[in-house]
Amino acid sequence: MPTVYLNGSYLPEEEALIPVMDRGFLFGDGVYEVIPVYGRRLFRLAQHLQRLQNSLDAIRIVNPLQESAWTEVLEEIVCRNDGDDQAVYLQVTRGPAARRDHSFPDQPQPTVFVMSTPVTTAGTETGTAGITAITLPDTRWQFCNIKAITLLPNVLLRQQAVDAGTAEAILIRDGLATEGAASNLFITRDGSLITPPNGPTLLPGITRDLILELARKNDIPCREEDIPQPELRDADEVWLTSSTREISPVTRIDDRPVGDGNPGPVWRRMIDLYQEYKEAVRRGEAV
Ligand code: PDD
């Protein structure tokens, strides 16, 4: 039985209960993070906690824990759960209120919840086959940079992709390919890496930022630039990235092959750099 953290207590998952009046339940009024763990070490923790802070600020919830308290709770959850590699999920909602009312309660008492699941992460081998995707109009709101728990559009978009026999939806807004339903987007062209710039149409992914960092450190040309839909169609390579997916090469989009229909050489180079980085994290030599 997994151990979870809820408002100051470590509990068996089935004993962790929230009131039905919690605004996370009633309104989806909250934010979250998913943090990978490699060799029982939290990956890019400072960046995840910074993004959490940005999301909390954006929806006007006062961060209920200091950075040191977050670190303590997250490390404790990793320690109490199975698996050297895990995915930690944390969620902060605006908490319960006396009655259902859209406007904020006078004195909100945020709900803090953390859980973790063991994972077998996608390595170089599992990624070799590539994944398929479809393009869909982005039906989400105008604050996609906030990691809000209100994920109904993402859920419907992903399910549409799954119903079409594919793994992910690549979202199109105003003619531009922005990101996946739960992942960031990269393309390559003539050996250069391109990803859309951060802004309100996409989530500033931690995996995305690490890929840019690794590219810059290893002289792989990269730029943050809009990707019009025709450029997605003509790209040499397309990748989707996230904390849980790592770097997935996309080999078919809308039933057409990407490039020659196989994961490309830039992906191979990057996944090696990424795996090397993860190993350094496992040895405690990187964060
Ligand atoms: N989702 N874009 C969206 C819409 C996402 O939901 C995610 C991650 C990303 C990638 O961000 P990161 O590299 O920081 O994981 C981009 C998580 C994994 C989820 O919802 O489960």
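One-based numbering, in listed order, for ligands and for the atoms of each. We use all heavy atoms of the structure for the numbers below, so side chains are in, but hydrogens, waters and symmetry mates are not.
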Within ligand 1, which atoms have a heavy atom of Arg140 less than 4.0 Å away? 4 (C)
Heavy-atom contacts with Ile206 under 4.0 Å: which atoms of ligand 1 show up? List them by number with element.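 Within the 4.0 Å cut-off of Ile206, ligand 1 contributes 12 (P), 13 (O), 14 (O).
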Heavy atom under 4.0 Å from ligand 1: found in Thr241's side chain, backbone, both, or neither? backbone
With respect to [atom], which of [options] exhibits the smallest heavy-atom separation?
{"atom": "atom 11 (O) of ligand 1", "options": "Gly205, Gly180, Cys144, Ser243", "value": "Gly205"}
{"atom": "atom 1 (N) of ligand 1", "options": "Gln47, Arg158, Lys147", "value": "Lys147"}
{"atom": "atom 10 (C) of ligand 1", "options": "Asn184, Leu157, Leu171", "value": "Asn184"}
{"atom": "atom 18 (C) of ligand 1", "options": "Leu210, Thr244, Leu185", "value": "Thr244"}
{"atom": "atom 21 (O) of ligand 1", "options": "Val34, Leu240, Ile35", "value": "Val34"}

Hey, does the Lys NZ or Arg CZ of Arg80 hover above the aromatic six-ring of Tyr10, less than 6.0 Å from the centre and inside 45° of the axis? yes
Test: Arg60 cationic atom under 6.0 Å from Phe104 six-membered ring centre, within 45° of axis: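 The answer is no, since Arg60 fails at least one limit relative to Phe104.
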Min N/O separation Asn154 to ligand 1 under 3.5 Å: no
Just distances here: any N/O of Glu179 and N/O of ligand 1 closer than 3.5 Å?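 Looking only at distances, the answer is yes, because the N/O contact criterion of under 3.5 Å is met.
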Using heavy atoms and a 4.0 Å limit, tell me yes or no: is [X] in contact with ligand 1?
{"X": "Tyr32", "answer": "yes"}
{"X": "Arg44", "answer": "no"}
{"X": "Glu33", "answer": "no"}
{"X": "Ala181", "answer": "yes"}

What is the closest protein heavy atom to atom 13 (O) of ligand 1, and at what distance does it sit?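 Result for atom 13 (O) of ligand 1: Thr207 OG1, 2.5 Å.
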the protein heavy atom lying closest to atom 6 (O) of ligand 1 turns out to be Ala182 CA, 3.4 Å
Kindly determine whether Arg44 and Leu210 satisfy side chain to side chain contact (heavy atoms under 4.5 Å, CB included), including the steps that lead there. CA-CA 9 Å; Arg44 305 241 116 184; Leu210 177 58; 3.7 Å; yes
Quick one: does [X]'s side chain get under 4.5 Å of [Y]'s, heavy atoms only?
{"X": "Pro263", "Y": "Thr251", "answer": "yes"}
{"X": "Asp138", "Y": "Ile172", "answer": "no"}
{"X": "Arg268", "Y": "Pro249", "answer": "no"}
{"X": "Arg140", "Y": "Glu179", "answer": "yes"}
{"X": "Leu232", "Y": "Thr135", "answer": "yes"}

Pairing donors with acceptors under 3.5 angstrom, does anything connect the side chains of Glu237 and Trp239?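 Judged by distance alone, the side chains do pair up.
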List the residues meeting side chain to side chain contact (heavy atoms under 4.5 Å, CB included) with Gln91, not counting sequence neighbours, and say none if there are none. Tyr32, Tyr89, Thr93, Ile149
